[in-house]
Asker: 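What follows is a structure written as structure tokens; I'll ask about it next.
Protein chains get the first letters and strands the later ones, always in sequence-line order, with residue 1 at the start of each. Every value quoted in this text rests on a predicted model; they were computed, and no experiment measured them.
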Amino acid sequence: MTGVLQPQSFHQILVDWADTHGRHDLPWQQRPTPYSVHVSEIMLQQTQVATVIPYFERWMASFPDLQALAHATEDHVMHHWQGLGYYSRARNLQKAAQYLLEQFSAHYPRTLKQIEMIPGVGRYTAGAIVSFAYNERGPIVDGNVRRLFCRYFAIDGVPSTSAVSRKLWDYAEQYTLDTHCRAYAQSLLDMGATICTAKNPACTICPLQTSCQAYQQQRVEQLPTPKPKKQQPTKAGRFIWIEQDQQLYLEKRPAPGIWAGLWCLPQDDSTQVLEPQIQIGTFKHVFSHYKLDAEVVQASPSEDLKGQFFSRSQLDNLGLPTPIRAFISRHFN
DNA sequence: TACCCGTGGAT
DNA sequence: TATCCAAGGGT
């Protein structure tokens with residue numbers, strides 16, 4: 001039995017391990033700038049690396065810098081985010097570009113505190129930007145670090161609770177040195193992604209095995225403490241199909257709310273149906289916190305339509321929710 | 001604190 | 001098929 005390593009040793013072991021076994025070829029690791037790091041970190045929130053890569057490439061080609069993003073149309077921005085989910089990330093990213101343009105003349109601030117004031121940037125993302133873009137000291141706690149630390153230090157309790165979260169950030173502060181900052185931050189993420197994984201962790205080849213407290217206690221599979229989950233409700237939804245002259249009527253979804261900023265079939269939230277309606281079709285969709293059981297019914301154009309009619313080719317340049325785009329592609333034309 | 005906010009990969 | 005969960009932040 002042995003205790004945990006001191007920060008210096010811990011740091012060196014991870015940096016050395018990552019030099020050989022870490023990831024070095026991800027698109028956002030090539031010539032990182034504050035902007036490219038910022039974009040990639042936002043896209044990577046709750047989203048797998050493989051999913052992000054093509055989105056990142058398209059984004060950087062269309063919005064190569066803060067100016068391009070700040071001046072882009074919202075529709076253009078949302079079209080680039082279509083399918084990634086959590087669409088407030090995209091709207092916040094553009095807000096951030098406008099904020100940085102106005103407040104900092106398109107130069108990212110240098111301090112963690114200032115970076116954390118950028119719309120959509122929290123404590124983790126601020127630390128990541130400082131680490132990856134500036135190669136300066138920026139503690140990070142994300143899902144990877146959470147898993148690694150909960151196991152390495154044998155931290156009990158649900159990580160999202162304030163007490164455990166505070167412990168995790170305390171360890172992050174204590175174990176983040178001011179040397180090899182970029183490599184260390186990346187090593188934490190790589191360890192979490194390839195060794196200290198949620199399922200079937202590769203303890204046998206882990207460079208921290210001998211001092212990992214969960215490993216010594218044979219509790220690797222039990223940590224971090226899983227959050228008790230509640231059953232998600234199923235909601236019924238009704239969407240309206242209005243077609244005229246080979247064009248389909250869509251409305252832009254308001255913020256806040258689901259699919260904010262995306263174009264969508266108008267939703268009918270009234271509970272009572274006055275008359276039998278012609279049904280175009282149905283679809284089901286699963287969100288992170290509820291299920292949607294939807295039907296789409298036909299209607300005729302009325303007076304006060306707030307949205308617009310679009311031809312099929314025009315739809316290609318809009319941001320639409322994934323299940324709505326799928327439904328339309330099955331039923332339009 | 002608890003909930004809101006999407007989608008798709010992995011098992 | 002069901003469940004987990006993947007570089008979180010805002011309210």
Asker: In the hydrophobic clustering (ILVMFWY, side-chain contacts below 4.5 Å, transitive), which residues join A:Y215, or is it alone?
Answerer: A:V220

Asker: Could you check which residues of residues 321-330 of chain A get a heavy atom under 4.0 Å from DNA chain B? Sort them by number, please.
Answerer: A:P321, A:T322, A:P323

Asker: According to a strict under-4.0 Å criterion, is A:K230 in side-chain N/O contact with OP1 or OP2 of B:dC3?
Answerer: yes

Asker: Going 5' to 3' on DNA chain C, which nucleotide is the first and which the last to come under 4.0 Å of a heavy atom in chain A?
Answerer: C:dT3 to C:dG10

Asker: Against the six-membered ring of A:Y86, is A:R89 placed for a cation-pi contact (under 6.0 Å from the centre, within 45° of the normal)?
Answerer: no

Asker: Which residues, if any, of residues 141-151 of chain A bring a heavy atom under 4.0 Å of DNA chain C?
Answerer: A:D142, A:G143, A:N144, A:R147

Asker: Which hydrophobic side chains are connected to A:I242, either touching it within the sub-4.5 Å cutoff or through other members that do?
Answerer: A:I240, A:Y249, A:V297, A:L305, A:F309

Asker: Enumerate the residues from residues 37-55 of chain A whose closest heavy atom to DNA chain B is under 4.0 Å, giving them by residue number; use none for an empty result.
Answerer: A:Q46, A:T47, A:Q48

Asker: Show me the pairs that pass side chain to side chain donor-acceptor pair (under 3.5 Å) and involve residues 139-155 of chain A, at least two apart or across chains.
Answerer: A:D142-A:N144, A:N144-A:R147, A:Y152-A:S211

Asker: So, using side chain to side chain contact (heavy atoms under 4.5 Å, CB included) as the criterion, who are the partners of A:I258 when residues are at least two apart?
Answerer: A:R253, A:F287, A:Y290

Asker: For DNA chain B, what residues of residues 73-95 of chain A have any heavy atom nearer than 4.0 Å?
Answerer: A:G83, A:L84, A:G85, A:Y86, A:Y87

Asker: Please, which pairs that meet side chain to side chain donor-acceptor pair (under 3.5 Å) have at least one residue in residues 92-103 of chain A, sequence neighbours excluded?
Answerer: none

Asker: For A:L26, report the nucleic acid contact type (base, sugar-phosphate, nothing); a contact means any heavy atom under 4.0 Å.
Answerer: base

Asker: Can you tell me which stems DNA chain B forms, taking runs of 3 or more consecutive Watson-Crick or G-U pairs with both distances under 3.5 Å?
Answerer: B:2-5 with C:8-11, B:7-11 with C:2-6

Asker: Show me the pairs that pass side chain to side chain donor-acceptor pair (under 3.5 Å) and involve residues 3-13 of chain A, at least two apart or across chains.
Answerer: none

Asker: In whole angstrom, what separates A:H285's NE2 from B:dC5's C1'?
Answerer: 12 Å

